[in-house]
*Asks:* 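Please find one structure pasted underneath; my questions will follow.
Sequence lines set the chain letters: A, B, ... in the order given, protein chains first and strands last, and positions in each chain run from 1.
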2 protein chains.
Amino acid sequence: VTRQIAAAMEAALGPDMVSIEPTVLAAHSLDWQTDPQDAVLPIALVRPRTADDVAATVRLCREHGCAITVQGGLTGLAGGAVPSSNAVALSLDRMNAIEDVDPVGATISVQAGATLQQVQESAKSHGMLFPLDLGARGTCRIGGNIGTNAGGNHVLRYGMMRDLVLGLEAVLADGTVVTAMNRTLKNNAGYDLKHLFIGSEGTLGIITRAVLRLYDLPQAEHNALCALPNYDAVGRMLRLARRELGTTLNAFELMWPRYYEFASHMRGFQPFREPGSYYLLLEASGSARDAETFQAVMEQAIEGGLVTDGFIAQSLSEAASFWQLRDASGELRSHFWPNANFDISINTSQIGRFVEVLEKKIVERWPDAEVAVFGHVADGNVHIAVKTLQEPFPATEIEQSVYALVGKFNGSISAEHGIGLAKKIYLHHSRSPGELEMMRRLKAALDPAGVLNPGKVF
Amino acid sequence: VTRQIAAAMEAALGPDMVSIEPTVLAAHSLDWQTDPQDAVLPIALVRPRTADDVAATVRLCREHGCAITVQGGLTGLAGGAVPSSNAVALSLDRMNAIEDVDPVGATISVQAGATLQQVQESAKSHGMLFPLDLGARGTCRIGGNIGTNAGGNHVLRYGMMRDLVLGLEAVLADGTVVTAMNRTLKNNAGYDLKHLFIGSEGTLGIITRAVLRLYDLPQAEHNALCALPNYDAVGRMLRLARRELGTTLNAFELMWPRYYEFASHMRGFQPFREPGSYYLLLEASGSARDAETFQAVMEQAIEGGLVTDGFIAQSLSEAASFWQLRDASGELRSHFWPNANFDISINTSQIGRFVEVLEKKIVERWPDAEVAVFGHVADGNVHIAVKTLQEPFPATEIEQSVYALVGKFNGSISAEHGIGLAKKIYLHHSRSPGELEMMRRLKAALDPAGVLNPGKVF
């Protein structure tokens, strides 16, 4: 049957568009996060060149009763791009053109397969900034960033991916191409359809193009790395930074000791002589004039006892070395293993307490366990990795334990990574029955046959 | 029949909840913008106290085969709150509680009937800012601001209403109450349902509560009023302001001469000795330290010939007198009459040219016509009023003329006021057939019987 479908697709789409090569299919059977034993081989891999190719593929899948899972850079952390069962994998890697950059209107129009880094670099070459940024920038693709509503390091100032999309084009489950390439900041002409596709993980439509919002490139960046004595100081530091740096505040990334130790070991960079209770990476960007204000904030923080030790980056390379510590999170997968990891959202003022309670709970249950925590605390969002050498690895029990505590703190079980496969059984911790029912109703209305990435989200 | 429905509602909801008093119905038959001859009397007015009352009303309307039009402050400018035919009007004026203000988490939870001003003042009393602001602040209600995705004076910095809503509660067409009162900045747990209700003008659900985003109250505000020689100077001034003021730039409101003349006459305030070609109201807010930067921007603008004359407000009352000129737009309705007015979006760099072409076209056709233009040009959004004493007033011809030109410039026919009744026949100028079809499909999925504000938007 599989061969028949692949042959039908090849006949319709062209010879170099479809692959059933086992090694190729294996490479598209899982993402960075997926345990190899949970990999799902797709029936075939399709690599379209145009939105019409995508539409034709969707129609063929529907005719043959198989599903379709769209894939970007496969860097997702919730399994959203792992093929559904009996699915064709659709990779947009060939649709990676930067179509237009408009520095005056402050927009960039791109195909969904462009990598995040391509978009950042195109914007920069026109003196503009595309502010979304995350560790996988060189591999992840814009369509995936939109489909999962990616977050990252600069949400505090510029918002999530959702806030950076002005318009898009998507292919629906019936093969209709919906073109909504709005370029204006304000357009209240009817329903704002793009938000249905953003963050719905390929279950309502396949995003093929987008118009993204650009910002003026800041003239200077100011970075500091500091050690803080307690969580109360973290809260007071955030209020000080917000008040004095205002909207030039770009990043407020907190690292707990176990994570900091891991990262400084991985990168061979340990600037502090005395250990701190928390480590903070602070970034502001604006004009060169702001350097004085930034310096003043740091001095005030040290005088007030909020910061016990700290460094202001004196060069771009020094700033880069600070950020290396934060970017080492990508290596938790390979060097802090086996772990169960989490992307949760809690009211900022309660995160310190939440982590304390969690660590205690985990270590009581698994005495060898280690908990590495870091994240965007100003957004209320932290990432947590729980490692234990317990065999077999108690993934489910750790998850239940963490999500129950998140529920108690009224948090979200997925701040920025999405639901995908990995978290769907926990979705009810963060969404009401009315919300879940409405999600199902929308899915049924837009994809009655269940062609688009079935089994994901709910 | 009407009496029967009203009696059934009174029986179900309680005696002081339903009114069929002719003067009451007349007051709920039109909004600020509606020509009295287009007023539509509702069958009855219902004034619920709870979301359950709203749900019961929706179910009763469905049973009796009548429609329901939700009303806020009736200050809308597109007729969205004018009752549909055979409709009950639902006013949320009794559901106006401020439920909770959380300065640390930076959120405010409110019922949908609270006025914008109530919300602004509650936030301020906790040292926080709710940044949405528009002329009707004392009358318009939050539910209406959300239902129409209101814009206003500070979109440049804080975004539209859509960007300020974290969570909401809505009653669907079948009477289900969907509670999605998310309070976190980041929540990627499934589809983001709130965006379907925001800006859909009461056609997909009735918003009953919301969690809104607050900001730290800026420590100081800096305002300037200046005259500029040409539109090229406007563009250069915007780039200068963006570069130097960064995200402290709050408002960049441009007034064309005819509007400025009207406003300064209405308010008896004419600060400039020499007329300018454009008048600009510039606002930045942040710390007191920013005063120097603001001054430097103005000096640079004068030296560079971008500004021919200008004033920096030396006090709050002087700043208020500058803003009076902008707020006089509310009086166009009564003192620049009869007119046809527009709320359009065009790429910022082309607005100057667009207005020139438009004025020429209008005056050629109606030699007595006057065109008053003002707006948020940094957002690409201007408001236009075309006045002529021609009888009968050629409303439709003026509209066709303006919207055709907007289409030519690839703009939006409704930047911030919505579609309602007034613009639905022009919606195709700004939305593709695929978009219109998808809007209809969503409406059919969520409101198959067409109970909620039928006949609006499309």
*Asks:* Do Phe458(B) and Tyr191(A) have ring centroids that are under 6.0 Å from one another?
*Replies:*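 Yes, they do, as the ring centres are separated by less than 6.0 Å.
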
*Asks:* I need the Asn182(A) CG to Ser430(B) OG distance, nearest 0.5 Å.
*Replies:*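 Result: 9.0 Å between the selected atoms.
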
*Asks:* Ignoring hydrogens and geometry, is there a side-chain-to-backbone donor-acceptor pair from Asn187(B) to Ser345(A) under 3.5 Å?
*Replies:*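 Looks like no, no N/O pair under 3.5 Å.
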
*Asks:* Working note: His195(A) + Leu196(B), criterion side chain to side chain contact (heavy atoms under 4.5 Å, CB included); need CA distance, chi angles, decisive distance, verdict.
*Replies:* CA-CA 8 Å; His195(A) 290 293; Leu196(B) 268 175; over 6 Å; no

*Asks:* Among Val457(A), Thr184(A), Val177(A), which has the most heavy-atom pairs under 4.5 Å with chain B?
*Replies:*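 Going by pairs under 4.5 Å, I would pick Thr184(A).
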
*Asks:* Side chain, backbone, both or neither: which part of Ser285(A) has an atom under 4.5 Å from a heavy atom of chain B?
*Replies:*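 Contact with chain B involves no heavy atom of Ser285(A) at all.
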
*Asks:* Quick one: pull up OG1 in Thr148(B) and CG in Asn188(A) and give me the separation to the nearest 0.5 Å.
*Replies:*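 Thr148(B) atom OG1 to Asn188(A) atom CG measures 7.0 Å (nearest 0.5 Å).
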
*Asks:* Please flag which part of Asn149(A) lies under 4.5 Å from any non-hydrogen atom of chain B: side chain, backbone, both or neither.
*Replies:*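 For Asn149(A), heavy atoms of backbone and side chain both lie under 4.5 Å from chain B.
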
*Asks:* Looking at chain A, which one of Ala415(B), Gly411(B), Pro433(B) has the largest number of heavy-atom pairs inside 4.5 Å, strictly under?
*Replies:*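 Result: the option with the highest number of such pairs is Ala415(B).
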
*Asks:* Could you tell me whether Arg353(B) atom CZ has more than 12 heavy atoms of other residues or ligands within 6.0 Å of it?
*Replies:*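 Atom CZ in Arg353(B) is not packed in, count stays at 12 or less.
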
*Asks:* Which region of Ala170(B), side chain (C-beta onward) or backbone (N, CA, C, O), has a non-hydrogen atom less than 4.5 Å from a non-hydrogen atom of chain A, or is it both or neither?
*Replies:*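 It is neither, since no heavy atom gets under 4.5 Å.
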
*Asks:* Using non-hydrogen atoms and a 4.5 Å limit, figure out which bit of Asp290(A) sits close to chain B: side chain, backbone, both or neither.
*Replies:*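 The answer is neither part of Asp290(A).
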
*Asks:* Has the side chain of Arg242(A) got a donor or acceptor atom that lies under 3.5 Å from a matching backbone atom of Asp216(B)?
*Replies:*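 Answer holds: no.
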
*Asks:* Let me know if Tyr158(A) has heavy atoms under 4.5 Å from chain B in its side chain, its backbone, both or neither.
*Replies:*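 No part of Tyr158(A) comes within 4.5 Å of chain B.
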
*Asks:* Only pairs of heavy atoms separated by less than 4.5 Å count here; which of Ala180(A), Gly159(A), Gly199(A) has the most with chain B?
*Replies:*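 Sorted descending by pairs with chain B, the first entry is Ala180(A).
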
*Asks:* Between Leu442(A) and chain B, which part of the residue has a heavy atom less than 4.5 Å away: side chain, backbone, both or neither?
*Replies:*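 Side chain of Leu442(A) only, per the 4.5 Å heavy-atom cut-off to chain B.
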
*Asks:* Is chain B contacted by the side chain of Arg183(A), its backbone, both, or neither, given a heavy-atom distance below 4.5 Å?
*Replies:*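 For Arg183(A), no heavy atom lies under 4.5 Å from chain B.
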
*Asks:* Is Ile344(A) close to chain B through its backbone or its side chain, or both, or neither, when contacts mean heavy atoms under 4.5 Å?
*Replies:*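 No part of Ile344(A) comes within 4.5 Å of chain B.
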
*Asks:* Here's a test for you: under salt bridge (charged side-chain N to carboxylate O under 4.0 Å, His left out), which of Asp379(A), Asp343(A), Asp163(A) qualifies with Lys186(B)?
*Replies:*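 Between Lys186(B) and the candidates, salt bridge (charged side-chain N to carboxylate O under 4.0 Å, His left out) is satisfied uniquely by Asp379(A).
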
*Asks:* Considering only heavy atoms and a distance below 4.5 Å, find which of Thr248(A), Leu446(A), Thr176(A), Asp102(A) pairs most often with chain B.
*Replies:*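 Looking at each of Thr248(A), Leu446(A), Thr176(A), Asp102(A) in turn, Leu446(A) comes out on top.
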
*Asks:* Name the option with the most non-hydrogen atom pairs under 4.5 Å to chain A; the candidates are Leu427(B), Leu217(B), Asp192(B).
*Replies:*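 Heavy-atom pair counts peak at Asp192(B).
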
*Asks:* Shorter than 4.5 Å, heavy atoms on both sides: which option in Arg162(B), Gln350(B), Lys443(B) has the most such pairs with chain A?
*Replies:*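 When all of Arg162(B), Gln350(B), Lys443(B) are compared, Arg162(B) has the most.
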
*Asks:* Looking only at non-hydrogen atoms, find the nearest pair between Ile419(B) and Gly190(A) and report the distance.
*Replies:*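 Of all heavy-atom pairs spanning Ile419(B) and Gly190(A), the closest is CG1-N, 3.4 Å.
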
*Asks:* With a 4.5 angstrom heavy-atom cut-off, could you sort out which part of Gln219(A) is near chain B: side chain, backbone, both or neither?
*Replies:*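 Answer is side chain: those atoms of Gln219(A) sit under 4.5 Å from chain B.
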
*Asks:* Identify the heavy atoms of Leu193(A) and Glu435(B) that sit nearest to each other, and give their distance.
*Replies:*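 For Leu193(A) versus Glu435(B), the nearest heavy atoms are CD1-O, 3.6 Å.
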
*Asks:* Could you tell me which of Asn410(A), Leu204(A), Ile346(A) has the largest number of non-hydrogen atom pairs under 4.5 Å with chain B?
*Replies:*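 Looking at each of Asn410(A), Leu204(A), Ile346(A) in turn, Leu204(A) comes out on top.
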
*Asks:* For Gln295(A), enumerate each residue passing the side-chain hydrogen bond (donor to acceptor under 3.5 Å, both in side chains) test, keeping only those at least two apart in sequence or located in another chain.
*Replies:*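 Expected list: Glu299(A).
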
*Asks:* Can you tell which part of Arg239(A) gets under 4.5 Å to a heavy atom of chain B, answering side chain, backbone, both or neither?
*Replies:*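 Contact with chain B: none, neither part.
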
*Asks:* Just give me the residue among Ala189(A), Ser200(A), Ala444(A) that pairs up with chain B most often, heavy atom to heavy atom, under 4.5 Å.
*Replies:*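 Top option by heavy-atom pairs under 4.5 Å: Ala189(A).
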
*Asks:* Looking at Glu437(A), I want to see if its CD is surrounded by more than 12 non-hydrogen atoms of other residues, nucleotides or ligands under 6.0 Å.
*Replies:*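 Counting other residues, nucleotides and ligands, CD of Glu437(A) exceeds 12 neighbours.
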
*Asks:* With a 4.5 angstrom heavy-atom cut-off, is it the side chain or the backbone of His376(A) that approaches chain B, or both, or neither?
*Replies:*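 The side chain, not the backbone.
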
*Asks:* Report which part of Thr348(A) has an atom under 4.5 Å of a heavy atom belonging to chain B: side chain, backbone, both, or neither.
*Replies:*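 Nothing of Thr348(A), per the 4.5 Å heavy-atom cut-off to chain B.
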
*Asks:* How far does OG1 of Thr107(B) sit from CG of Asn347(A), to the nearest 0.5 angstrom?
*Replies:*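 Output value for this atom pair is 7.5 Å.
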
*Asks:* Can you tell me how far apart CG (Leu185(A)) and CE (Met160(B)) are? Round to the nearest 0.5 Å.
*Replies:*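 Reported to 0.5 Å precision, the distance equals 9.5 Å.
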
*Asks:* Quick check on the interface: out of Gly235(B), Gly380(B), Gly418(B), who has the most heavy-atom pairs with chain A under 4.5 Å?
*Replies:*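 The residue among Gly235(B), Gly380(B), Gly418(B) with the greatest pair count is Gly418(B).
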
*Asks:* What part of Leu172(A) gets within 4.5 angstrom of chain B, counting heavy atoms only: side chain, backbone, both, or neither?
*Replies:*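 When you check distances to chain B, only side chain atoms of Leu172(A) fall under 4.5 Å.
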
*Asks:* Looking at Leu436(B), Val155(B), Ile413(B), which makes the most heavy-atom pairs under 4.5 Å with chain A?
*Replies:*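 Highest number of pairs under 4.5 Å: Val155(B).
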
